K.L.:
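Here it is, the structure, as structure tokens.
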Amino acid sequence: MAKTIMIVDDSATMLLSLRSTLEMNGYKVEAASDGQAAVDRLATGIKPDLIITDINMPRMGGLDLIRHVRGLPAFRFTPILTLTTESQTDIRDQGRRLGATGWLVKPVAGPALIGVIKQVLPGG
Amino acid sequence: MIDLLASLGPASLSLGGAALVLAGTHALAFRAGRRQVVRSGPATEHETRPEAEDDADEDTGWAAAAPPQPVLVVDNDQPARSALRALDAEFGAVPVYVETLLRQIEGVKTDAEAGIALVIHEVDAINGQARDQIGRMHASLDGSEALARSSARPREIIGNLQATLDERTAQIRTNFDSLSELAQEFQSLRPIIDTMAAIADQAYFLSINAAVEAARAGSAGAAFALVAGEVRALSKLTQNASKEIGAGIATFTRRMHEELDRARPQAEGSSCELDRLISELNEIQGNLATAGQELSSMIQSMDGGHRQMVERLSTILGHVQFQDVICQRLEQVGEAIGELGDHVCDSVASARLGKPPPAPSLDERLQAQQSRYVMHSQRAAHAQVTGDDVQTDLAPRIELF
């Protein structure tokens, strides 16, 4: 059964390209345009196997999303990757402390992204 | 725009290296790398800053703001008033200019997004077509595997047929051999029949001699003559029967040999024909099996090709992320341009009121820009202009915690 990945980004083109990349590699995709939208989607009962989130977004940013998701018992161990232009070390460290699984700085080539996803997804 | 000169009254102006001086209570000084409105108090005499100080500011670009002070003060200088009026008109165009730039940036972002969306759409379409083809190929693969499985059954049937045919052929050969032996055994009866014929001949001659001797005996030999007659008749019958049996045996064995000679090639021919058919069936079955394996191999190869294509398409989609990176940089440039425009307009408004430019200063605003950078490339570009040190970006682009 295909694994479900939630992608969170305020850029429509990023969501498009990520959706295409993931779907053509056999994953099911849930998309959200910011952290708050992602929280709302999770509240509907969907349970993604992995969350990939941007950091700098309106309404709710990626760090707040990570903090919120780690507070939900159902998602305590769900891997969360950041995919962001944010390269500052202190922000990265903050993400690590909040429970991010990995930090990816845009742009990331598709095969590299898929490689990381296979590393962090339970069962590959 | 409200006439700047009207609000300024007598003022002083230094624009670049040129100095204009107006008499009045306020002085407006615009210098390269620094913008200040300064209250000069009654200015009735020339106040000129040393040239070297101007140079120093220009060298450092956005140096810290110096305390407000008049640069030049000249009473009732008509050319200077004209220049200020022209400058006022120039500043009036700043909001439009800034808005135009922001609209251009927004247009670039919109065009880039539309272009990238089209690229992604095309990539999706290519992948969709390839996926459909792969689906059809997998259906063919299933068919070829079914073909390979079903080809095993004809092979088994052909094997059984060959075994049955071999058995039947051997049996026919045995039957032919048995019939040949039987004909030979019939043929071997001929000497016995000849012996019987010879005995019959001998009996016939004896019966004639007996009849002659019976006649010579007269009435005493009448009964004996009767027996001799019967013996002669019997021997004659035996003679005839022996000849007929001999002829029958000869005819039977000849015809049997003829039939065997005629049937043997036909039987062997039929066997050869069946062997040929079985051989052809074997060849067809072999070709089917080979074709199935080749089809399976080809489809697997194409499947691998599709996986490579997906990898390349994924690479393309990864590359289009540059658009998001560029858009974020453009957004920040747009915000900075807007902030610059606001600051210029606020500064002009302050100047009209004879007040200094509003805080924070442009220099402080530029410094503040650094805290908004998210990319190393942004910090590097900033440092290239300001001469600040910029740390090398040592953090990996992909890091798993």
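Remember, predicted model here, so these are calculated numbers, not experimental data. In what follows, chains carry the letters A, B, and so on, assigned in the order in which the sequence lines appear, proteins first and then strands, with residues in each chain numbered from 1.
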K.L.:
Is atom CE of B/Met302 surrounded by more than 12 heavy atoms (other residues, nucleotides or ligands) closer than 6.0 Å?
P.N.:
no
K.L.:
May I ask you to decide if B/Pro360's main-chain N or O and B/Arg365's side chain share a donor-acceptor pair within less than 3.5 Å?
P.N.:
yes
K.L.:
Which residues in residues 101-113 of chain B have a heavy atom less than 4.5 Å from any heavy atom of chain A?
P.N.:
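Hits under 4.5 Å: B/Glu113.
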K.L.:
Against chain B, label A/Arg19 side chain, backbone, both or neither, depending on which of its atoms sit under 4.5 Å from a heavy atom there.
P.N.:
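Neither; nothing under 4.5 Å.
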K.L.:
Hey, what's the ring geometry for B/Phe401 with A/Trp103, parallel, tilted or perpendicular (30° and 60° as the breaks)?
P.N.:
tilted
K.L.:
Using a strict 4.0 Å threshold on nitrogen-to-oxygen distance, state whether A/Asp9 and A/Lys106 make a salt bridge.
P.N.:
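Here A/Asp9 pairs with A/Lys106 in a salt bridge, since their nearest N and O are under 4.0 Å apart.
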K.L.:
Measuring from atom CZ of B/Arg131 to atom CG of B/Asp124, what distance do you get when rounded to the nearest 0.5 angstrom?
P.N.:
8.0 Å
K.L.:
Restricting to ring pair (Phe, Tyr, Trp, His ring centres under 6.0 Å), what partner residues turn up for B/His319, sequence neighbours left out?
P.N.:
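Testing B/His319 for ring pair (Phe, Tyr, Trp, His ring centres under 6.0 Å), a comparison that skips the adjacent residues, returns none.
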K.L.:
Is it true that atom CZ of B/Arg312 has more than 12 heavy atoms of other residues, nucleotides or ligands lying nearer than 6.0 Å?
P.N.:
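12 or below, so no.
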K.L.:
How long is the straight-line distance from CE of A/Met1 back to CG of A/Asp49, given to the nearest 0.5 Å?
P.N.:
8.5 Å
K.L.:
Regarding B/Asp303 and B/Arg307, does a basic nitrogen lie under 4.0 Å from an acidic carboxylate oxygen?
P.N.:
yes
K.L.:
Take A/Met6 and A/Val29 through the test side-chain contact (heavy atoms from CB on, under 4.5 Å) and record every step on the way to the result.
P.N.:
CA-CA 6 Å; A/Met6 171 177 267; A/Val29 175; over 6 Å; no
K.L.:
Report which part of A/Ala12 has an atom under 4.5 Å of a heavy atom belonging to chain B: side chain, backbone, both, or neither.
P.N.:
neither
K.L.:
Can you pull out the residues in residues 34-47 of chain A with any heavy atom less than 4.5 Å from chain B?
P.N.:
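Residues in range: none.
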K.L.:
Top residue by heavy-atom pair count (under 4.5 Å) with chain A, among B/Ile116, B/Val325, B/Ile316, B/Val123?
P.N.:
B/Val325
K.L.:
Going from NE2 on B/His121 to CD1 on B/Ile126, what distance comes out if it is rounded to the nearest 0.5 angstrom?
P.N.:
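Answer for the NE2-CD1 pair, B/His121 versus B/Ile126, is 10.5 Å.
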K.L.:
For chain B, which of A/Leu104, A/Thr101, A/Val120, A/Val116 has the most heavy-atom pairs under 4.5 Å?
P.N.:
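Option with the greatest count: A/Thr101.
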K.L.:
Kindly indicate, with the supporting measurements, whether the criterion side-chain contact (heavy atoms from CB on, under 4.5 Å) is fulfilled by B/Val333 and B/Gln378.
P.N.:
CA-CA 10 Å; B/Val333 168; B/Gln378 290 173 308; over 6 Å; no
K.L.:
Which atoms of A/Leu16 are under 4.5 Å from chain B, going by heavy atoms: the side chain, the backbone, both sets, or neither?
P.N.:
both
K.L.:
Need one label for B/Gln328: side chain, backbone, both or neither, based on atoms under 4.5 Å from any heavy atom in chain A.
P.N.:
side chain
K.L.:
Any donor-acceptor pair under 3.5 Å linking the side-chain atoms of B/Asp324 with those of A/Ser11?
P.N.:
yes
K.L.:
Answer with yes or no whether the side chains of B/Asp363 and B/Ser361 bring together a donor and an acceptor at under 3.5 Å.
P.N.:
no
K.L.:
Pull out the residues in residues 66-87 of chain A that come under 4.5 Å of chain B, heavy atom to heavy atom, sorted by number.
P.N.:
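Listed by number, the contacting residues are A/Leu81, A/Leu83, A/Thr85, A/Glu86, A/Ser87.
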K.L.:
Tell me, side chain or backbone of A/Met24 under 4.5 Å from chain B's heavy atoms, or both, or neither?
P.N.:
both
K.L.:
Tell me, side chain or backbone of B/Val320 under 4.5 Å from chain A's heavy atoms, or both, or neither?
P.N.:
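Interface part for B/Val320: side chain.
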K.L.:
Please determine, among B/Leu313, B/Val119, B/Ile398, the option with the most heavy-atom pairs under 4.5 Å with chain A.
P.N.:
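The answer is B/Ile398.
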K.L.:
Tell me which one of A/Thr4, A/Ile7, A/Ile5 satisfies side chain to side chain contact (heavy atoms under 4.5 Å, CB included) with A/Leu50.
P.N.:
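The side chain to side chain contact (heavy atoms under 4.5 Å, CB included) with A/Leu50 is passed solely by A/Ile5 among A/Thr4, A/Ile7, A/Ile5.
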K.L.:
Of all of A/Ala109, A/Ser20, A/Gly95, which one pairs up most often with chain B through heavy atoms under 4.5 Å apart?
P.N.:
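Heavy-atom pair counts peak at A/Ser20.
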K.L.:
To the nearest 0.5 Å, what is the distance between CG (A/Leu113) and NZ (A/Lys118)?
P.N.:
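Reported value, rounded in 0.5 Å steps: 11.0 Å.
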K.L.:
Side chain, backbone, both or neither: which part of B/Arg329 has a heavy atom under 4.5 Å from chain A?
P.N.:
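Contact with chain A involves no heavy atom of B/Arg329 at all.
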K.L.:
Counting only heavy atoms not in B/Glu90, do more than 12 fall under 6.0 Å of its CD?
P.N.:
no
K.L.:
Starting at CD of B/Gln332, measure out to CD1 of B/Ile337 and round the result to the nearest 0.5 Å.
P.N.:
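B/Gln332 CD to B/Ile337 CD1: 11.5 Å, rounded to 0.5 Å.
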